[in-house]
Amino acid sequence: MSAHYDFDFVAIGGGSGGFNGARTAASLGLKAAVIDGAEALGGLCILRGCMPSKTLLYSAEVLHRARQGRLFGLRIPRAEGDMAATQARKRRIIGEFADDRVKALTAGRFALLRSPARFVDPHTVELADGRRVSSRAFLIATGSVANVPDVPGLAQAETWTSDEALDTAVLPRSLIVLGGGLVAVELAQFFARMGSRVTLLQRGAHLLRGHSAESAEVIAAALRADGIEVLCGTTLEHVGRRGRGFEVHFRLGRRRLSRRADQCLNALGRRPATEHLNLAAAGVRLSDNGQIVTRRFQQTSAPHIYAAGDCAGPVEIVHIAVQQGEVAARHAAGVRPLRPVNYDLLLSVVFTDPQLATLGLSEEQLRSARTPFLSASYPFDDHGKSILMEAKRGYVQVRAHAKTGRLLGAEIVGPDAGELIHLFSGPMAMKATVFDLLKAPFYHPTLSEIVTYPLDEIAEKIGGR
């Protein structure tokens, strides 16, 4: 297929989207390549995202459980964090994941070109050494970088981003976290449990924009219980250095306030990493928020160029990037029929303690679509297993079609929510109903059996089984 080009399919970026796109393309008989100019191979998830953050969060959770020994009738005289040892463990674990990815990238199934690349025309990119590589199809999967919003002083203050926060071996005595999204709340809780005094400043009315206010309030209460000062509805006015530390000035309602800390973390979101690609030369259009505009099968405004992952959106989630990369490769290979990524099954997890997990369509989305639905929930503070675990914050909520009982969405905020949400992912993919799920046995006492209560309530409202 590559008679007039060097390759049939080239992925720019070797992270989750690019790697899986190239792997899929090669398995379909295309001459494929990955171009990656990063200092280290592995991608954002492995090196600076999911895996390092979750490794550190779990260490902090174990420390927190040890400190709760009295609740369980245990005598644990002293439990304290060791940032250097925690970071050493993280580096060892992440090193193993990165080594596996490097082996997969260099296994020979596709070519690997270690260089930055920029488009010179719709079918050609130029590498840093001047070489030019042509391809019948491209997949842009360059990920994202920390965003620096137009807040006075922020760009000059040299605050932490998540990169520095995840790598520090020195625990700051105090920390200001700017933002209230997933990265902000997870890292705020990590540093608080390791021993920092933490203030979190959120611009929105509640934490975790895109999630329900009810679930966000459960997370906010948990953060406050860990000693974190959580302030929502703030307007940042200035971020600057104060001696060896930082000072942040902000508004809260009509009040003008400030906070000082040894360190400041900019967790105000991320932006697509596309500036170096010269996309104009390729005819690739960007949206107002800087993401690459994509169509049904991840095609951009240039039909032979695809995009996947953080640089394309609509969400920054690894398994979505994988699916997008695979869809793009299959479409480029001419696989038909082909289904696009189904965002009605969107799955999201926030790894705070308690965790927050969502699947499918929210109540707001269902109302906007005028879909008749029923919703029911049940609290963890009235459930046997969570009570004996001293994990009583949160609830399980289920949404189903009002007439058929077909599962449409679920929201869990509570212990192991990231695991429990998968009780619904398979059934929802198979278009199951609440009646179908209630046919399954649930062992007692387990966390899982809590889902039967909202399922029962919806089934009773519809009538029959």
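One is the number of the first residue; the rest follow in order along the sequence.
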query = Would you say the side chain of L407 lies within less than 4.5 Å of the side chain of L359, judging by non-hydrogen atoms?
reply = no
query = So which heavy atom on C45 is nearest to which on P52, and how close?
reply = O-CD, 3.5 Å
task = Apply the test side-chain contact (heavy atoms from CB on, under 4.5 Å) to residues I140 and L279: give CA-CA distance (whole Å), side-chain angles for both, the deciding distance (0.1 Å), then the verdict.
result = CA-CA 10 Å; I140 302 171; L279 294 178; 3.6 Å; yes
query = Is a donor on one side and an acceptor on the other found under 3.5 Å between the side chain of R92 and the backbone of E96?
reply = no
message = Strictly distance-based, threshold 3.5 Å: is any side-chain N or O of D344 a donor or acceptor partner for the main-chain N or O of L361?
response = no
Under 3.5 Å donor-acceptor, D416 side chain and E419 backbone = no
ask   = Where the side chain of Q68 meets the backbone of F72, is there a donor-acceptor pair that is under 3.5 Å apart?
value = no
message = So which atom in A40 and which in L47 form the shortest heavy-atom distance, rounded to 0.1 Å?
response = O-CD1, 3.5 Å
remark   = Separation between CG (L268) and CG (L236), nearest 0.5 Å, reads 6.5 Å
key: E247 bridged to R259 by N-O distance under 4.0 Å   = no
ask   = Hey, is the main chain of I176 close enough, under 3.5 Å, to the side chain of T199 for a donor-acceptor pair?
value = no
task = State plainly whether the residues R193 and D226 are in salt-bridge range, i.e. N to O under 4.0 Å.
result = yes
inquiry  = Test of understanding: with side chain to side chain donor-acceptor pair (under 3.5 Å), list the residues that count as partners of Y343, not counting sequence neighbours.
reply    = Q324
task = Please answer whether the main-chain N or O of T300 pairs with a side-chain N or O of R295 as donor and acceptor at a distance below 3.5 Å.
result = yes
query = Got a second to check how far L257's CG is from L252's CG, nearest 0.5 Å?
reply = 6.0 Å
Note, Q189 side chain near V185 side chain (heavy atom, < 4.5 Å) = no
inquiry  = If you define the side chain from C-beta out and look only at heavy atoms, does anything of I421 sit under 4.5 Å from T358?
reply    = no
key: Electrostatic pair R67:E80 at N-O distance under 4.0 angstrom   = no
Heavy-atom neighbours of Y58 OH exceed 12 at 6.0 Å = no
query = Who passes ring pair (Phe, Tyr, Trp, His ring centres under 6.0 Å) against H304, sequence neighbours left out?
reply = H123
inquiry  = For Y378, is the OH atom crowded, meaning more than 12 foreign heavy atoms sit under 6.0 Å from it?
reply    = yes
ask   = How long is the span from the OG1 atom in T168 to the CG atom in L175, to the nearest 0.5 Å?
value = 10.0 Å
Side chains of residues 305-321: which donor-acceptor pairs under 3.5 Å do they make with residues two or more places apart or in other chains?
residue, atom, partner, partner atom, Å
Y306, OH, H331, ND1, 2.8
Y306, OH, A332, N, 3.4
D310, OD2, S144, OG, 2.8

task = Determine yes or no for a side-chain-to-main-chain donor-acceptor pair under 3.5 angstrom, with T404 supplying the side chain and H401 the backbone.
result = no
Minimum-distance pair of heavy atoms, taken over all atoms of Q263 and P172 = CB-CB, 4.0 Å
message = So that I can tick it off, tell me whether E186 and K54 are bridged by a salt bridge, with the cut-off set at under 4.0 angstrom between side-chain N and carboxylate O.
response = yes
key: Check: P272 main-chain N/O paired with Q291 side-chain donor or acceptor under 3.5 Å   = no
message = Less than 3.5 Å apart, any donor N or O on the side chain of R367 or Q365 sitting next to an acceptor on the other?
response = no
ask   = Passes side-chain contact (heavy atoms from CB on, under 4.5 Å), E411 versus S212? Steps please.
value = CA-CA 9 Å; E411 177 179 277; S212 69; 3.1 Å; yes
query = Would you say the side chain of V170 lies within less than 4.5 Å of the side chain of M83, judging by non-hydrogen atoms?
reply = no
Over all atoms of both residues, closest heavy-atom pair of R254 and R251 = O-NH1, 4.2 Å
request  = Please examine the side chains of S174 and V198, heavy atoms only from C-beta on, and report whether any two atoms are closer than 4.5 Å.
outcome  = no
message = Using side-chain hydrogen bond (donor to acceptor under 3.5 Å, both in side chains), reason through R399 and Q397 one step at a time and then give a plain yes or no.
response = CA-CA 7 Å; R399 296 177 284 276; Q397 184 189 74; 2.3 Å; yes
ask   = Checking side-chain contact (heavy atoms from CB on, under 4.5 Å) for the pair F351/L356: CA distance, chi angles, key distance, verdict?
value = CA-CA 7 Å; F351 286 87; L356 167 57; over 6 Å; no
inquiry  = What I want to find out is whether R393 reaches D381 closely enough, with some N-O distance under 4.0 Å, to be called a salt bridge.
reply    = no
request  = Check step by step if side-chain contact (heavy atoms from CB on, under 4.5 Å) holds for R197 and I228.
outcome  = CA-CA 7 Å; R197 187 179 73 255; I228 300 172; over 6 Å; no
request  = Drop me the distance from F19's CZ to L139's CG, to the nearest 0.5 angstrom.
outcome  = 13.0 Å
Side-chain donor or acceptor of S196 paired with backbone N/O of A192 under 3.5 Å = no
ask   = Between R260 and F246, is NZ or CZ placed under 6.0 angstrom from the six-membered ring centre and within 45° of the ring axis?
value = no
Heavy-atom closest pair, residues L447 and H383 = O-NE2, 3.7 Å
ask   = Do I219 and V350 touch side chain to side chain, with heavy atoms closer than 4.5 Å?
value = no
request  = Please tell me if the side chains of V284 and F119 come closer than 4.5 Å, counting only heavy atoms from C-beta onward.
outcome  = no
remark   = Scanning both residues in full, the closest heavy-atom pair of Y395 with S215 reads OH-N, 3.2 Å
query = When rounded to the nearest 0.5 angstrom, what distance separates CG in L200 from CG in L207?
reply = 6.0 Å
task = State whether K392 and D382 are salt-bridged, where the test is any N-O pair (Lys NZ or Arg NE/NH1/NH2 against Asp/Glu carboxylate O) under 4.0 Å.
result = no
query = Do NZ/NE/NH1/NH2 and the carboxylate oxygens of D353 and R65 come within less than 4.0 Å?
reply = yes
task = Using only heavy-atom distances, determine whether the side chains of E363 and S375 contain a donor-acceptor pair under 3.5 Å.
result = yes
Heavy-atom neighbours of E158 CD exceed 12 at 6.0 Å = no
task = State, yes or no, whether a side-chain contact exists between V398 and S377 at a heavy-atom distance under 4.5 Å.
result = no
message = A cation-pi test, strictly: NZ or CZ of R256 under 6.0 Å from the centre of the six-membered ring of F250 and no more than 45 degrees from its axis. Yes or no?
response = no
Flag for E164-T161: side-chain donor and acceptor within less than 3.5 Å = yes
query = Distance-only, no hydrogens or angles: does the Q355 side chain make a donor-acceptor pair with backbone N or O of G418 under 3.5 Å?
reply = yes
Pair R224 + E217: basic N to acidic O under 4.0 Å = yes
note = Taken to the nearest 0.5 Å, the spacing of I292 CD1 from Q298 CD works out to 10.5 Å
request  = Please work out whether the ring planes of F191 and W160 are parallel, tilted or perpendicular, with thresholds of 30° and 60°.
outcome  = tilted
